[in-house]
Amino acid sequence: MAAVVLVHGLYHRPVHFALVVERLQAAGTEVLVPELHRGSLPADTAAVQAAVDALREPPIVLGHSYGGSVITGVRGAGRLVYLAAFVPDAGESAAGLGGASPHLREAIVPGPDGSTSLHPDRAVDALYGDCPEPLAAWAVDLLRTQAPGCGRGIPERQAWKHTPATYVVCAQDRAIDRSLQRTMSSRCTDVREWQTGHSPFVARPDLVVELAQELLASRWR
């Protein structure tokens, strides 16, 4: 059975996908969640490419938020899934596409070395506003400092031009502008819309699991 590769966004860690990973693995699906924060978009893309290359069959590769820029540069995916994610075209970057909401901008705390972090209370509002309080607190505690520059990286290729791609618009997103999500979704072959905030892998992991299982099953039809 083909595997699923999950790619997190800025400030996040692989463990943020834990609820999704647990359920997919329980159903017998192989799941890989590469660690990003490699210092640049090319380095992050290389980490995901290594995970894809290690698999026997082309996997489903899901990117969340900035993770969309990462998966856009990857070769060998069987299907791409953009979850409230950036879908850059040639010459475009996540930062250049814009779309960061006032909620997210207000949450960003600059560091003296150019790095940034997120103010915990404001991060809840921007990223996890639809999550139960204990889950939101868990997710915020896991957030890490982000090195500068990754969001300005430009993918070397546009995998969505060659690989079937599903876009999931998160209609209650307080981090990435929903109108931008809908514009970017037109670059994909399939569009879904969920009534969730920016992080359904925390708030509604069942939705992410069901989508992955649907796409995996469709390979054998």
Side-chain angles (χ1 to χ4, degrees), residues 4 6-24 33 35-37 62-71 81-88 93-111 115-148 150-151 166-185 188 191-212:
V4 176
L6 303 172
V7 182
H8 63 78
L10 299 181
Y11 305 103
H12 285 71
R13 304 172 187 263
V15 71
H16 279 97
F17 282 115
L19 299 175
V20 173
V21 172
E22 177 183 288
R23 297 177 193 199
L24 285 174
V33 192
E35 175 80 55
L36 301 186
H37 302 289
L62 179 150
H64 174 246
S65 199
Y66 160 76
S69 291
V70 178
I71 70 172
V81 179
Y82 290 88
L83 178 58
F86 293 97
V87 189
S93 67
L97 284 165
S101 72
H103 296 278
L104 182 57
R105 291 195 296 270
E106 290 169 4
I108 295 173
V109 180
S115 66
T116 56
S117 58
L118 296 181
H119 185 283
D121 292 340
R122 293 175 180 172
V124 169
D125 183 51
L127 303 176
Y128 312 115
D130 60 337
C131 298
E133 185 175 338
L135 273 179
W138 168 79
V140 166
D141 284 346
L142 291 170
L143 293 172
R144 57 167 289 169
T145 300
Q146 179 65 50
C150 292
T166 295
Y167 197 99
V168 179
V169 175
C170 291
Q172 298 177 29
D173 200 324
R174 295 182 179 179
I176 304 299
D177 184 82
R178 276 98 68 179
S179 63
L180 175 62
Q181 290 186 44
R182 294 188 177 102
T183 297
M184 293 188 294
S185 74
C188 298
V191 181
R192 314 292 177 94
E193 186 157 323
W194 295 348
Q195 296 302 313
T196 70
H198 189 61
S199 307
F201 48 90
V202 177
R204 293 289 308 276
D206 55 306
L207 291 177
V208 183
V209 171
E210 288 166 7
L211 176 60

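Basis for what follows: all heavy atoms, side chains included, without hydrogens, waters or symmetry-related copies. Keep in mind the model is a prediction, meaning the values are calculated, not measured.
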**Request:** Check whether any side-chain heavy atom of D206 sits under 4.5 Å from a side-chain heavy atom of R23, and report yes or no.
**Result:** yes
**4.5 Å side-chain heavy-atom contact, H198 and H64** = yes
**Request:** Over all heavy atoms of both residues, which pair between C170 and A84 is shortest? Give the atoms and the distance, please.
**Result:** SG-CB, 3.8 Å
**Asked** Taking the inter-plane angle between the rings of H16 and Y128 on a 0 to 90° scale, is it parallel (under 30°), tilted (30 to 60°) or perpendicular (over 60°)?
**Response** parallel
**Steps toward side chain to side chain contact (heavy atoms under 4.5 Å, CB included) verdict (V168, T196)** = CA-CA 10 Å; V168 179; T196 70; over 6 Å; no
**Prompt:** When Y11 is tested against each of T116, V140, L127 for side chain to side chain contact (heavy atoms under 4.5 Å, CB included), which residue passes?
**Reply:** T116
**Atom pair NE2 (H37) and SG (C150), whose distance is rounded to the nearest 0.5 Å** = 8.5 Å
**Asked** Out of curiosity, I71 CD1 to L62 CG, how far, rounded to the nearest 0.5 Å?
**Response** 6.5 Å
**Request:** With rounding to the nearest 0.5 Å, note down the distance linking CG in L104 to CG in D125.
**Result:** 10.5 Å
**Prompt:** For the residue pair C131 and V202, what are the closest heavy atoms and their distance?
**Reply:** SG-CG1, 3.7 Å
**Item:** Nearest heavy-atom neighbours spanning A147 and S115
**Value:** CA-CB, 4.4 Å
**Inter- and intrachain pairs under side chain to side chain donor-acceptor pair (under 3.5 Å), touching residues 133-144, at least two apart** = none
**Asked** With side chains defined as the heavy atoms from C-beta onward, is the minimum distance between L143 and S117 less than 4.5 Å?
**Response** no
**Asked** Are R192 and V169 close enough that some pair of their side-chain heavy atoms sits under 4.5 Å apart?
**Response** no
**Message:** Quick one, Q172 and Q195 - any side-chain contact, counting heavy atoms below 4.5 Å?
**Reply:** yes
**Flag side-chain contact, heavy atom, 4.5 Å: V4 against V20** = no
**Prompt:** Would you say the side chain of Y66 lies within less than 4.5 Å of the side chain of L36, judging by non-hydrogen atoms?
**Reply:** yes
**Request:** Scan side-chain atoms only and decide if D173 and Q181 contain a donor-acceptor pair under the 3.5 Å cut-off.
**Result:** yes
**Asked** Of the non-hydrogen atoms in A171 and E193, which two are nearest, and what is the gap between them?
**Response** CB-OE2, 3.4 Å
**Asked** Distance from R204 atom CZ to L135 atom CG, nearest 0.5 Å?
**Response** 12.5 Å
**Prompt:** What are the two closest non-hydrogen atoms of G68 and Y82, and how far apart are they?
**Reply:** O-CE2, 3.4 Å
**Prompt:** Does some side-chain heavy atom of F17 sit less than 4.5 Å from a side-chain heavy atom of V208?
**Reply:** no
**Prompt:** In Å, rounded to the nearest 0.5 Å, how long is the span from CZ of R122 to CD1 of I108?
**Reply:** 11.5 Å
**Fill in**
Value for CZ (F201) from CG (L83), rounded to nearest 0.5 Å, stands at 7.0 Å
**Request:** Go through L10 and S65 one step at a time and tell me if the side chain to side chain contact (heavy atoms under 4.5 Å, CB included) criterion holds.
**Result:** CA-CA 8 Å; L10 299 181; S65 199; over 6 Å; no
**Asked** Is there a donor-acceptor pair under 3.5 Å between the side chain of R174 and the backbone N or O of G197?
**Response** no
